[in-house]
Structures are given as structure tokens and as C-alpha cells.
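Being a predicted model, the structure only gives us computed values, none of them experimental.
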Amino acid sequence: MQVSSLNEVKIYSLSCGKSLPEWLSDRKKRALQKKDVDVRRRIELIQDFEMPTVCTTIKVSKDGQYILATGTYKPRVRCYDTYQLSLKFERCLDSEVVTFEILSDDYSKIVFLHNDRYIEFHSQSGFYYKTRIPKFGRDFSYHYPSCDLYFVGASSEVYRLNLEQGRYLNPLQTDAAENNVCDINSVHGLFATGTIEGRVECWDPRTRNRVGLLDCALNSVTADSEINNLPTISALKFNGALTMAVGTSTGQVLLYDLRSDKPLLVKDHQYGLPIKSVHFQDSLDLILSADSRIIKMWNKNSGKIFTSLEPEHDLNDVCLYPNSGMLLTANETPKMGIYYIPVLGPAPRWCSFLDNLTEELEENPESTVYDDYKFVTKKDLENLGLTHLIGSPFLRAYMHGFFMDIRLYHKVKLMVNPFAYEEYRKDKIRQKIEETRAQRVQLKKLPKVNKELALKLIEEEEEKQKSTWKKKVKSLPSILTDDRFKVMFENPDFQVDEESEEFRLLNPLVSKISEKRKKKLRLLEQQELREKEEEEEPEGKPSDAESSESSDDEKAWVEEVRKQRRLLQQEEKVKRQERLKEDQQTVLKPQFYEIKAGEEFRSFKDSATKQKLMNKTLEDRLKIEAKNGTLSVSDTTVGSKQLTFTLKRSEQQKKQQEAEKLHRQERKRLRRSAGHLKSRHKRGRSFH
């Protein structure tokens with residue numbers, strides 16, 4: 001049993017108990033009931049009080065002995081006998097039920113409205129008669145004086161079916177395009193219907209004329225409400241002769257006096273969900289309004305919240321057991337909810353033992369899923385050294401991990417880390433000491449990583465605060481308090497290396513402020529050590545170091561950059577000398593290589609280039625050969641490719657070819673010169 005409290009009003013969930021895995025057999029479940037106290041203490045008020053998949057509507061007969069509920073899948077109705085605390089009968093239906101009404105004091109006369117336009121009548125023995133309405137129905141009400149059933153739905157007409165005559169009567173013609181809900185006042189018989197335009201039309205069944213019209217959509221809009229679309233009427237309920245509550249699709253409940261067209265009170269659920277049902281609790285002047293997420297109970301005179309109930313699953317319907325503090329809910333889950341609120345009234349006669357039981361109960365948090373089993377992933381099993389148990393009965397595969405017995409888990413964890421409790425105890429003691437220290441005068445505590453950077457940021461923050469006090473400028477958040485940069489002051493990997501070349505070139509100016517900051521940092525570290533030794537905080541604040549403004553002269557900055565460059569060059573020179581000494585001290589040993597049979601050794605360079613060429617793909621080798629001129633690619637007339645390879649010449653052949661080329665060029669030159677001499681000689685002879 002789960003106990004919750006809001007505004008000092010206790011709510012007992014009788015349908016909530018310790019959950020068991022579905023894969024457990026019935027034999028193991030019975031064994032758990034014998035061994036486990038929590039399982040044995042579960043309260044199963046009514047046996048099998050659930051549906052196969054979803055429960056849609058739930059109602060109580062007028063005599064209070066029977067509870068009827070409809071649900072899926074398959075569509076069915078179940079009747080529970082409260083005197084026997086068990087299921088009385090179950091009847092399967094042809095289609096899903098939109099809503100139903102109990103016409104008699106017990107279960108002997110029931111009318112069902114189906115989602116396929118059929119109206120089904122059931123008697124005590126079972127199915128009795130079925131008929132159909134012209135349009136899809138959404139709600140209906142029964143007028144006892146005239147034995148008329150009023151059906152509203154996807155039509156502007158309100159259909160009337162007289163059960164005494166067994167025929168349809170002339171419908172009521174409304175001004176709305178469609179009607180969602182309807183209700184009949186039990187005192188004077190006034191019929192009211194809620195439309196999709198956000199209006200409520202009231203009709204007199206005796207004259208079949210409209211006697212009133214309320215514009216609820218306009219009155220539901222308040223200064224605090226945000227409306228994105230037109231509110232429609234989703235719930236309607238009369239109370240007494242003059243009071244009516246109207247629920248809208250945008251989550252507002254309007255309370256009306258029939259003598260006025262203005263609402264007495266407008267209550268907003270603040271969820272923006274349609275109101276499912278509205279009920280009146282007369283003993284405490286309360287109104288119970290429910291949407292799919294929450295049930296709110298509030299005073300109808302002042303609108304003050306009395307208490308609220310928020311189930312785990314979405315709600316479909318709510319039923320208040322008459323003259324008691326019991327609440328029944330139809331949820332989007334197989335299990336139907338049973339809640340007992342002692343403040344609303346006593347327990348029903350058939351479960352009067354709840355009054356004695358609730359007095360002895362204390363508030364206990366709801367137990368989580370599978371309390372006797374621990375869910376572990378494969379990584380957890382590797383850390384515990386239990387990977388060899390995969391596939392054994394000790395591990396039950398589920399989703400991305402396994403279920404294992406909680407006792408086995410605790411034993412193995414204790415063996416793997418026997419000092420876990422000591423570490424936990426030390427952490428708790430450390431937390432208590434830090435809590436007590438926080439109440440005393442605090443010194444500036446710097447992080448373990450990047451202390452100098454943190455001190456610089458603190459000083460800059462103080463200077464900014466002083467400037468903002470003078471200029472009244474809005475201050476920006478500090479990096480020290482920003483969670484995005486928290487790791488920079490906790491992880492040693494983010495430590496700033498001030499000896500690196502990049503840091504020294506980017507921050508060349510070692511000003512007096514940095515020197516004073518280091519001095520101040522040493523003072524703070526000494527104070528922290530003194531605090532740890534004495535275990536007491538000295539009174540007063542640490543003395544602040546004298547601050548002086550650094551010069552921003554460009555000449556000093558350039559000189560400092562040059563100085564840092566000279567230092568870096570000297571350090572690099574020293575490193576090169578050390579490497580040379582190490583190379584001189586090392587003795588080189590000869591290395592021998594084996595040549596394969598049938599190959600001629602040329603040089604290491606040729607073998608290396610050959611090995612690189614062999615490692616490349618055929619495409620790369622072809623590209624290299626085409627580039628060197630040893631391969632030519634041409635297209636043939638047929639459309640295919642023609643490859644021509646030329647053998648690679650050796651060095652000697654290349655030299656010989658170059659010598660022949662030079663020899664041919666020399667012979668050509670000699671021939672030209674001889675030709676010129678002959679032509680000159682001929683011209684000279686002709687002149688003479």
C-alpha cells in the first residue's frame with residue numbers, strides 16, 4: 001500500500017503494491033508470498049480487478065454492490081461483486097464501448113453506446129437487444145420520468161429513443177455543428193448538452209424547446225490563461241437544482257448558477273488537457289475534476305485546492321463511490337486504480353476493515369520495480385568478475401543487461417571492494433566537517449589545478465565589481481562559477497604549462513602583478529596548511545598583498561619578447577649539444593643483409609624504391625610508368641584500350657645512348673660547316 005500526503009490529506013493507494021517480474025512462475029510467486037513480508041502484506045481488495053490491456057470507463061451501481069468496468073482488448077465488460085470481493089461475470093462485446101449507463105439499481109439493466117453507432121441493451125441474463133443511431137454517438141443520458149434516452153454525437157440533432165414505446169421520437173435540433181457531452185438534472189429534469197463551439201444549450205424535455213444558452217468558451221478565458229484554440233465542452237455535471245459544472249478541452253472548470261449566465265468560479269488545471277469528468281462531494285463542499293494526468297479536489301465556494309492525486313498512468317475515467325472516501329479510476333494500464341481518502345468519508349461497508357488498517361499504517365515510499373532483483377549491465381558484470389555467469393540461471397537477460405538476485409549482488413560487491421563501507425563512512429565524516437566549516441569565516445580557497453589562473457580570475461572579478469559599483473554596469477558571470485569550465489580546475493590534464501614555448505611566447509611580459517600574485521598564492525597556501533594543522537580557522541581575513549599597476553609600454557613588451565626568444569634559442573642549443581654527445585657515445589654496429597638467389601645487388605636505394613613500387617596498387621604503378629614514359633595508352637578502332645610497354649634501360653645503356661646521340665649531333669654540325677666552306681670557295685672562284 002502506498003501512502004501520499006498533500007496539504008496534510010492522506011491518500012492510500014490500494015491497487016499499488018510490490019511488483020513482481022512477469023517471467024516468474026506461479027510456484028515462485030507463491031514461494032515469495034511465504035518468504036517476503038512486503039509481498040504478503042499487499043492488499044488485493046478485489047480479486048482480478050483489472051483489464052487485459054486498457055480500462056476505458058468505470059461506474060458503480062446505485063445500490064453500491066456492483067462495480068462495472070469496460071475495456072479492451074478484446075472489448076468486454078466486467079462486473080465485480082463487492083460483497084464477494086471478486087469477479088461476478090465477464091461479457092465480450094462486438095466493438096469498443098464509448099460509454100454506458102446502469103438503468104436499474106443493480107446490474108440487471110445496462111445500456112452500452114459503441115463506437116460503431118450501435119446501442120446495445122443487456123439484461124441480467126446477458127445480451128437483450130441492439131439498435132443503431134444515424135450518427136456516431138459520444139454521450140447519452142436517461143430521463144427517468146419519460147423513459148427517454150437522449151443521444152448526442154457528431155450531429156446537430158439530439159436523438160431520442162423511448163424505451164416504453166420502443167421507438168425513436170422526433171430529435172431536438174440544436175444550433176451547434178456537433179455535441180460532445182450531455183446531462184439531465186435529477187431534480188427538475190432539465191437537459192443540457194455541450195457543443196464543440198464552447199456553448200451549453202439547456203432544453204426542457206416537457207416542451208422540447210430550448211430555454212437557455214451559456215457561452216462557456218468566452219467566460220473560460222481569464223487574464224492568466226493562454227488559449228491557442230477555441231475551447232470545446234468536454235465534461236458536464238449537475239448538482240442539485242441550481243448548480244452546474246462545465247469542463248472545457250483547454251483544462252478549465254466553470255461553476256455556474258443556472259440563474260446567471262456568468263460563472264461563479266473558473267478553475268484552471270494548468271495542464272492544457274481536456275477535462276475528463278467532474279464530480280461533486282457534498283459533505284465537504286468539494287468538486288473533483290480530472291484530466292488525463294491529475295485529479296484535483298477543490299472547494300466549490302473559494303476555489304482553494306483541498307488535495308490532488310496524480311497517478312502513474314493516464315486517466316480515462318473517474319468514479320466516486322457514493323457516501324464514502326473511495327475513488328475508482330480507469331487508467332491507460334491493465335490495473336484499475338483504487339484510492340481511499342479517509343478525510344472524504346468512511347470506507348464502504350464491504351471493506352470497513354480499511355478504517356482500522358489505515359490508522360496503523362505509516363507513510364512509506366513506493367517500492368521500485370523488482371526490489372528483490374538488481375539490474376546490471378555487461379560492464380557491471382566485468383567489474384564484478386561475473387561474466388562467466390552469463391547464460392546460467394543466476395542471470396536473467398533483460399533488454400541491454402541482466403537481472404540478478406540482490407543478495408548475490410551485495411555479496412559479490414562486498415568481496416570485490418571490502419572497504420566500501422569505510423570509504424563511505426569517511427566521505428560522510430568529511431561532508432559533515434565541511435558543513436561545519438562552511439558556517440565559519442571563509443578564506444579564499446583555490447582549486448587544486450590552475451591555482452594561479454584562478455587567483456587571476458578572482459582579482460579580475462573583484463576589479464570588475466568595483467568598476468560596476470562605480471559605473472553601475474551589469475556584471476557578467478565568472479568562469480569559476482560556470483559549470484562548463486569546472487573541469488579546467490579539477491582535472492590535472494588541463495594544467496597550464498608555463499614552461500612551454502607557446503605559453504612563453506604568448507605571455508612574454510612577466511609583470512609585477514604576476515610576481516605579487518605568486519607571493520599572494522604562497523601566502524594562501526601557507527594559511528591552508530596552518531588551517532589543516534590547527535583544525536581551526538584564524539579570525540580575520542588574510543592580509544592582501546600590495547597591488548601595483550603593470551606598465552603597458554610597447555617597448556618593454558618587445559624587449560621581453562626578444563629576451564624570451566634568446567632564452568629559447570639557448571635552451572635549443574643546449575639540447576642539440578646534449579644530443580650530439582649522446583650520438584658520439586653510441587657505437588654503431590654493422591648490419592648485414594641477405595640477398596636472394598638469382599638477384600644482383602645494386603644499391604639499397606634501388607631495392608627501397610622497388611619495394612615501395614611493389615607495395616602500390618596496379619593503378620598507381622601504371623600512372624607512374626605512364627609518367628616516366630615506359631607505358632603508353634591508346635584507343636583502338638574497336639573501342640578497346642591498347643597498352644604499349646617499353647623495357648626500362650640500365651645505367652650503362654642510358655650512357656651509351658647519350659654518347660651516340662652526342663656523336664650524331666657532332667656529325668651533323670661537321671656536315672653543315674663543310675657545306676658552308678664549299679659554297680664560299682665556289683663564290684670566290686667565280687669572282688676571280
Side-chain angles (χ1 to χ4, degrees), residues 497 499-506 508 558-559 561-688:
D497 187 9
E499 300 298 327
S500 64
E501 181 179 353
E502 293 82 2
F503 181 84
R504 291 168 66 178
L505 290 176
L506 292 174
V558 172
E559 290 177 357
V561 170
R562 290 175 180 173
K563 182 179 178 182
Q564 291 293 332
R565 287 190 180 278
R566 285 195 298 270
L567 289 174
L568 288 172
Q569 290 174 0
Q570 290 176 2
E571 291 176 0
E572 187 66 26
K573 188 176 180 180
V574 171
K575 288 180 181 178
R576 284 200 301 269
Q577 291 176 358
E578 290 178 355
R579 283 198 297 269
L580 286 173
K581 287 182 180 179
E582 290 178 357
D583 294 340
Q584 290 174 1
Q585 291 176 0
T586 56
V587 180
L588 297 177
K589 295 181 180 180
Q591 295 183 356
F592 297 94
Y593 298 91
E594 183 180 357
I595 302 174
K596 293 182 179 180
E599 292 186 1
E600 182 182 357
F601 176 76
R602 295 176 181 175
S603 67
F604 290 103
K605 185 177 180 181
D606 293 341
S607 61
T609 54
K610 185 178 180 181
Q611 185 66 27
K612 288 181 181 179
L613 188 63
M614 292 301 295
N615 291 334
K616 295 190 177 193
T617 61
L618 177 62
E619 182 182 2
D620 295 338
R621 291 203 301 270
L622 291 175
K623 288 180 180 179
I624 293 172
E625 290 176 356
K627 188 177 181 180
N628 295 335
T630 58
L631 173 69
S632 63
V633 183
S634 61
D635 295 334
T636 61
T637 56
V638 187
S640 59
K641 295 285 185 180
Q642 181 177 356
L643 301 178
T644 305
F645 295 92
T646 57
L647 295 176
K648 192 174 181 181
R649 296 180 177 85
S650 62
E651 295 290 338
Q652 188 176 0
Q653 291 176 348
K654 286 182 179 180
K655 290 180 180 179
Q656 186 177 359
Q657 188 177 6
E658 290 177 359
E660 291 176 355
K661 188 176 181 180
L662 292 173
H663 180 67
R664 285 194 295 271
Q665 291 176 358
E666 185 67 23
R667 288 181 65 182
K668 287 180 180 179
R669 188 175 61 80
L670 290 173
R671 287 173 185 169
R672 290 195 193 100
S673 59
H676 287 300
L677 289 173
K678 285 182 180 180
S679 60
R680 286 180 182 178
H681 182 67
K682 288 180 179 179
R683 287 197 296 269
R685 288 176 66 184
S686 60
F687 178 76
H688 287 292

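Residues Val574 and Glu578 are in side-chain contact: their nearest non-hydrogen atoms beyond the backbone lie under 4.5 Å apart.
A distance of 9.0 Å separates CD in Glu666 from CG in Leu662, rounded to the nearest 0.5 Å.
Every residue meeting the side chain to side chain contact (heavy atoms under 4.5 Å, CB included) condition with Lys661, not counting sequence neighbours, appears here in chain and number order: Arg664, Gln665. In terms of the side chain to side chain contact (heavy atoms under 4.5 Å, CB included) criterion, residue partners of Arg672 (sequence neighbours excluded) are, by chain and number, Lys668.
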